[in-house]
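Everything on this sheet refers to the single structure shown next.
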Amino acid sequence: MPGGFDVLKERGFIKQCSDEAVVKKLLDAGPVTFYTGFDPTGPSLHVGHMVPLFAMAHLQRAGHRPIALVGGGTACIGDPSGKTEMRKMISVEEIMRNAEFIKKQIARFIDFGADKAIMLNNYDWLSPLNYIEFLRDIGKHFSVNRMLSFETYKMRLETGLSFIEFNYQLLQSYDFLVLSRQYGCFLQLGGDDQWGNIVSGMELIRRVDGKDAQALTFALITRSDGKKMGKTEKGSIFLNPDLTSPYDFYQYWINIPDADVEKFLLIFTFLPPAEVKKLTAAEGAGLNKAKEILAFEITTTVHGEAEAEKARDAAKALFGGGGGELAGMPTVKISQEEMKKGSSAVELFSRTPLCNSKSEARRLISGGGATINDTSVANPETKVIYVDQIPTEKEDNAIYVMGDSVIFRAGKKRYARMIFISSDNSSE
RNA sequence: GGGGAGAUUCCCGAGCGGUCAAAGGGGGCAGACUGUAAAUCUGUUGGCUUACGCCUUCGAAGGUUCAAAUCCUUCUCUCCCCA
């Protein structure tokens, strides 16, 4: 017996629904084909995209069939919903390349085996469209008056909305129509900013085919501290490990505000709600355990268990007082020869990913935030010298290092490892 | 097509021809406090340099001037009002 509506509701996914009773009944009655769209406007999905992905996974587990629609066609237009400015146009080639990356990421959440799910690209049916025909068949069903009344356009009416973006809603509605006809898909899921677009699709289906379709949107996930979800100083947290390392990904979740742990466990993991309750019963520092589970679970889903373990071990090694592996930390290589001569701490820090320039390195050191192997470096004049053994007479302002590698630290949380390569096998 | 406003550093936003690497806010980074939390307070926030200092940056290109983010010309783009 399928279902799934209650799961989504209980876990806090649902924001708006065209008709809760109808959708629940639909999902309870039997396998339902539903769809969610993803815009390939970037080379990777980010944290925000995981909300619909988890929702789709829950529904799939409940026995339904998800369609993951990659918007290769619509991405050429640009969705104005909820945005204040027009996004810059990107080339079709880039969109197609992005689409391929995104497909792989979606596949980590949804099982595409044996007709259990479908992956489509709307470029396939949007690109051959004939303008005149499209206007006659589809465009005539849209009222500009009504479209302008949509909340999604309000913001843009203030700052300007180009005609091309204004058309986005028509294309997305058309997608829904196509999917309803070809795949019997009458339920569309999406972020709450998609509400207007989804509802328009429902209406189009009703007008053209006289059939009922349903809409379900997810609450926009926010952080209690007001920071943008999935954003850090470095930019978005991506699912692509080349853009956001599994270690940084893991750390993002570890550092989440206390108040969000329960919410995130419900949305971004598959742990049963009862267990989530148990985990988050603790207060204060006790919540760190729950955060660790949250981070580990999500990292496992996105990057696989092996990567998650590496990230966790690295974190434990750094913050938990030893016992873990150092893998997963950014690494810089440098020859022992060079190090034996002695190098300035400023120079070395600027070579790691921790600092972008020497000025920045100098600031960091002067500010007291720099550490080499747990030795604080507060003087920008400090030299670092590689030795085979610690000399008895030490130079002033010098730090001696030995062995294979050394850990550089900026502040409390940012680490980099410098590996010393001996000159005779420095072939790399 | 006519008229008006504007383009400044990561973002917003100030900026009498020199004292402007450019106010203020946001954000970021770092320090203190902590639990790898939040809040708060403090410092810092173009690059190179030990430093005097040098270099690049105020939409683009020219010009005036000893001196331009500031003045002039042309260009590009954006927004607003009217048709």
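All values below were derived from every heavy atom in this structure, side-chain atoms included, with hydrogens, water molecules and symmetry-related copies excluded. Letters go in sequence order (proteins before strands), and every chain restarts at 1.
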Any protein N or O atoms within reach of nucleotides 32-35 of chain B? Criterion: under 3.5 Å, listing atom names and distances.
{"from": "rC33(B)", "atom 1": "N4", "to": "K412(A)", "atom 2": "NZ", "distance (Å)": "3.0"}
{"from": "rU34(B)", "atom 1": "O4", "to": "K412(A)", "atom 2": "NZ", "distance (Å)": "2.6"}
{"from": "rG35(B)", "atom 1": "O6", "to": "D258(A)", "atom 2": "OD2", "distance (Å)": "3.3"}
{"from": "rG35(B)", "atom 1": "N1", "to": "D258(A)", "atom 2": "OD1", "distance (Å)": "3.4"}
{"from": "rG35(B)", "atom 1": "N1", "to": "D258(A)", "atom 2": "OD2", "distance (Å)": "2.5"}
{"from": "rG35(B)", "atom 1": "N1", "to": "G284(A)", "atom 2": "O", "distance (Å)": "3.4"}
{"from": "rG35(B)", "atom 1": "N2", "to": "D258(A)", "atom 2": "OD1", "distance (Å)": "2.7"}
{"from": "rG35(B)", "atom 1": "N2", "to": "D258(A)", "atom 2": "OD2", "distance (Å)": "3.3"}
{"from": "rG35(B)", "atom 1": "N2", "to": "N288(A)", "atom 2": "OD1", "distance (Å)": "3.0"}
{"from": "rG35(B)", "atom 1": "N2", "to": "K291(A)", "atom 2": "NZ", "distance (Å)": "3.2"}

Item checked: Atom-to-atom span, CZ of R414(A) to C1' of rC29(B) - whole angstrom -> 7 Å

Notebook entry, point to check: Base, sugar-phosphate, or nothing for A410(A), non-hydrogen atoms under 4.0 angstrom?
Noted result: sugar-phosphate

Notebook entry, point to check: In whole Å, what is the span from the CG atom of L354(A) to the P atom of rA30(B)?
Noted result: 9 Å

Next item on the list: Return the nucleotide paired to rC58(B): Watson-Crick means purine N1 to pyrimidine N3 with N6-O4 or O6-N4, wobble means G-U with N1-O2 and O6-N3, both under 3.5 Å.
Entry: none

Under 3.5 Å, which protein N or O atoms sit close to an N or O of nucleotides 43-53 of chain B? Give each pair with its distance.
{"from": "rG47(B)", "atom 1": "OP1", "to": "S357(A)", "atom 2": "OG", "distance (Å)": "3.0"}
{"from": "rC48(B)", "atom 1": "OP1", "to": "K358(A)", "atom 2": "N", "distance (Å)": "2.9"}
{"from": "rC48(B)", "atom 1": "OP2", "to": "S359(A)", "atom 2": "N", "distance (Å)": "2.8"}
{"from": "rC48(B)", "atom 1": "OP2", "to": "S359(A)", "atom 2": "OG", "distance (Å)": "2.3"}
{"from": "rU49(B)", "atom 1": "OP1", "to": "K358(A)", "atom 2": "NZ", "distance (Å)": "2.7"}

Next item on the list: List in chain and number order the residues that pass side chain to side chain contact (heavy atoms under 4.5 Å, CB included) with S366(A), two or more places apart in sequence or in another chain; answer none if no residue qualifies.
Entry: R362(A), P380(A)

Check: With sequence neighbours left out, what residues match R97(A) under salt bridge (charged side-chain N to carboxylate O under 4.0 Å, His left out)?
Finding: none

Checklist line | Any strand: nucleotide that pairs with rG17(B) via Watson-Crick or wobble, under 3.5 Å | finding: none

Next item on the list: Using the P atoms only, state how far rG26(B) lies from rA21(B), rounded to an integer number of Å.
Entry: 25 Å

Margin query: Strictly by Watson-Crick or wobble contacts shorter than 3.5 Å, is anything paired with rG24(B), and which nucleotide is it?
Written below: rC12(B)

N/O to N/O distances under 3.5 Å, protein versus nucleotides 21-26 of chain B:
none

Checklist line | Distance, rounded to the nearest Å, where E292(A) contributes CD and rA37(B) contributes C1' | finding: 15 Å

Checklist line | Residue met sooner reading RNA chain B from 5', once Y250(A) and G411(A) are mapped to nucleotides | finding: G411(A)

Check: What interatomic distance, in whole Å, is found between P of rA14(B) and the corresponding atom of rA67(B)?
Finding: 30 Å

Margin query: Taking the P atom in each of rA23(B) and rU9(B), what is the distance between them to the nearest angstrom?
Written below: 13 Å

Check: Do the charged groups of E347(A) and R351(A) touch, with an N to O distance under 4.0 Å?
Finding: yes

Item checked: Under the ring pair (Phe, Tyr, Trp, His ring centres under 6.0 Å) test, residues paired with F420(A) that sit two or more places apart -> Y386(A)

Note to self: For Y35(A), give me all partners under ring pair (Phe, Tyr, Trp, His ring centres under 6.0 Å), at least two apart in sequence or on another chain.
What the structure shows: F176(A)

Item checked: Nearest-0.5 Å distance that lies between atom CD1 in I95(A) and atom CG in D39(A) -> 8.5 Å

Checklist line | Who pairs with rU50(B) - Watson-Crick or G-U, where each distance is under 3.5 Å | finding: none

Margin query: Looking at rG43(B), which nucleotide sits across from it as a Watson-Crick or G-U wobble partner, both distances under 3.5 angstrom, or is there none?
Written below: rC29(B)

Checklist line | side-chain hydrogen bond (donor to acceptor under 3.5 Å, both in side chains) involving N379(A) - partner list, sequence neighbours excluded | finding: N397(A)

Next item on the list: Identify, with sequence neighbours excluded, every residue that meets ring pair (Phe, Tyr, Trp, His ring centres under 6.0 Å) alongside F142(A).
Entry: none

Check: Taking atom P in both rU40(B) and rC58(B), what distance in whole Å separates the two?
Finding: 36 Å

Next item on the list: Apply side-chain hydrogen bond (donor to acceptor under 3.5 Å, both in side chains) to K340(A) and list each qualifying residue two or more places apart in sequence or on a separate chain.
Entry: none

Check: What interatomic distance, in whole Å, is found between P of rC29(B) and the corresponding atom of rA39(B)?
Finding: 13 Å

Next item on the list: For rU64(B) versus rG27(B), give the span between their C1' atoms, rounded off to a whole number of Å.
Entry: 40 Å

Next item on the list: Could you tell me which residues satisfy salt bridge (charged side-chain N to carboxylate O under 4.0 Å, His left out) with K9(A), sequence neighbours excluded, listed by chain and number?
Entry: E20(A)

Check: Between K316(A) and D313(A), is the closest basic N to carboxylate O distance under 4.0 Å?
Finding: no

Margin query: Looking at rC77(B), which nucleotide sits across from it as a Watson-Crick or G-U wobble partner, both distances under 3.5 angstrom, or is there none?
Written below: rG6(B)

Notebook entry, point to check: Say you pick atom C1' in rG59(B) and the same atom in rU78(B); how far apart are they, in whole Å?
Noted result: 11 Å

Side-chain atoms of residues 55-62 of chain A: list all donor-acceptor pairs with protein atoms under 3.5 Å, sequence neighbours left out, distances to 0.1 Å.
{"from": "Q60(A)", "atom 1": "OE1", "to": "D111(A)", "atom 2": "N", "distance (Å)": "2.9"}
{"from": "Q60(A)", "atom 1": "NE2", "to": "D111(A)", "atom 2": "O", "distance (Å)": "2.7"}
{"from": "Q60(A)", "atom 1": "NE2", "to": "K116(A)", "atom 2": "O", "distance (Å)": "3.2"}

Notebook entry, point to check: With rounding to whole Å, what would you report as the distance between rG13(B) and rG62(B) at their P atoms?
Noted result: 29 Å

